[in-house]
Amino acid sequence: MATITLDSPHNRNALSQALITSLLDAVAAAVADPGTRVIVLSHTGPAFCAGADLKETVAGFESGQVPAGRMGDVLAALWESPKPVIARVGGAARAGGLGIVAAADIAVCADDVTFAFTEVRIGVIPAVISATVLPRLTPRAAAELFLTGDTFDARRAVEVGLVTAAVPASSLDASVDAYAQALLRGAPGALAGTKDLLRAPIRARLAELTELSVRYFTSDEGREGIGALLAKRQPNWIP
């Protein structure tokens, strides 16, 4: 079993270029390692993942080189991994972080964790992550949560299919280990084949969604929304 840790607690594990690179390298190494049968994706700090790094996004406005442009590579790497991926979610997840949770085969969260698709509130859309999130969510829940950006709790996350189970924080590691041990009882080739049955190809769709995402992140609304959030003020579209 390989544990990959999102380790950027100073920005709530927001997906910076550096964190994306390290995550992709770690997933590739785990997939290539014949001794690794299960991948656990964990984190340091109080948040699982805050989504795209917005400070880096602002810095990349003019060039169009924003972290969201690489989000599809992260989701594809997790989605296409022939080895089962378990997301261990011990802290809040927002926006792109929910795409990562949805890309995992099994997601276990602490029962005090909160989630939110916050994109519309900063003038962007959950484009790239829709490739992994929409196959998980019920259609009505997807419409509500994508459009409102409201925060929801662990119980709701289980109800709508975003996560597999919500357990007390004190039991999180034991629950993740129990799922890992169950997966280790499966034959590696059979597990990989079963994953192929469960998942539709998404890489071609991700390329289209990435272009759409970058367009919104660099749009006037995206610039205003991100600027407002960083400045801790209301965006100009709120009456």
Is there a side chain to side chain contact (heavy atoms under 4.5 Å, CB included) between N11 and L54 once you walk through the steps?
CA-CA 10 Å; N11 66 354; L54 297 183; over 6 Å; no
Return yes if some donor-acceptor pair links the side-chain N/O of [X] with the main-chain N/O of [Y] below 3.5 Å, else return no.
X	Y	result
H43	G90	yes
S175	L172	no
E56	Q17	yes
R37	G186	yes
S213	T210	no
R199	W79	yes
K83	T36	yes
R121	T148	yes

Q: Please list all pairs passing the side-chain hydrogen bond (donor to acceptor under 3.5 Å, both in side chains) test where one or both residues lie in residues 158-171, with sequence neighbours left out.
A: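 Checked against side-chain hydrogen bond (donor to acceptor under 3.5 Å, both in side chains) - neighbours excluded - the pairs reaching residues 158-171 are R155-E159.
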Checklist line | Partner residues of F117 under the ring pair (Phe, Tyr, Trp, His ring centres under 6.0 Å) criterion, sequence neighbours left out | finding: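 Only F146 meet the ring pair (Phe, Tyr, Trp, His ring centres under 6.0 Å) criterion with F117.
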Query raised in the report: What pairs with Y179 under ring pair (Phe, Tyr, Trp, His ring centres under 6.0 Å), at least two apart in sequence or on another chain?
Result: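 Counting only residues at least two positions away or on another chain, Y179 forms no ring pair (Phe, Tyr, Trp, His ring centres under 6.0 Å).
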* **Pair D105-L78, side chain to side chain contact (heavy atoms under 4.5 Å, CB included): steps then yes or no** => CA-CA 9 Å; D105 300 288; L78 296 170; over 6 Å; no
Separation of [Y] [atom2] from [X] [atom1] (nearest 0.5 Å):
X	Y	atom1	atom2	answer
D150	T118	CG	OG1	11.5 Å
L98	L137	CG	CG	8.5 Å
K55	S16	NZ	OG	12.0 Å
F217	R223	CZ	CZ	13.0 Å

For a quick check under 3.5 Å, do [X] and [Y] share a side-chain donor-acceptor pair by atom type?
X	Y	answer
T114	D153	no
R70	T21	yes
S22	D25	no

Before you tell me yes or no, could you show the steps for I86 and L41 under side chain to side chain contact (heavy atoms under 4.5 Å, CB included), namely the whole-Å CA-CA distance, both residues' side-chain angles and the distance that decides it to 0.1 Å? CA-CA 6 Å; I86 304 173; L41 184 59; over 6 Å; no
Exercise. Using a strict cut-off of less than 4.0 Å between a Lys/Arg side-chain nitrogen and an Asp/Glu carboxylate oxygen, indicate whether D53 and R12 qualify as a salt bridge.
Key: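 Not counted as a salt bridge, because no side-chain N and carboxylate O are separated by less than 4.0 Å.
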TODO: Using a 4.5 Å cut-off on heavy atoms from C-beta on, say whether the side chain of L212 contacts that of V214.
DONE: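 No - every pair of side-chain heavy atoms lies 4.5 Å or more apart.
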### Task
With R94 as the cation and F115 as the aromatic partner, state whether NZ or CZ is under 6.0 Å from the six-membered ring centre and within 45° of the axis.
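No - R94 does not lie over the ring of F115 by the 6.0 Å and 45° rule.
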In this structure, would I100 and I4 fall into the same cluster of hydrophobic residues linked by side-chain contacts under 4.5 Å?
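As far as the 4.5 Å side-chain criterion goes, I4 and I100 are connected within one cluster.
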Practice prompt. Verify the cluster assignment for L6 and I129: are they in a single hydrophobic cluster under the rule of side-chain heavy atoms below 4.5 Å apart?
Written response: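 Yes, because L6 and I129 connect within a single hydrophobic cluster, where side-chain heavy atoms sit under 4.5 Å apart.
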What are the two closest non-hydrogen atoms of W237 and I122, and how far apart are they?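 The answer is CH2-C, 3.7 Å.
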#### Entry: Over all atoms of both residues, closest heavy-atom pair of V31 and P82
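Minimum heavy-atom separation between V31 and P82: CG1-CD, 3.8 Å.
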Practice problem: Give a yes or no on this: more than 12 heavy atoms of other residues, nucleotides or ligands lie within 6.0 Å of atom CZ of R233. | Solution: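 Counting neighbours around CZ of R233, more than 12 heavy atoms of other residues, nucleotides or ligands fall under 6.0 Å, so yes.
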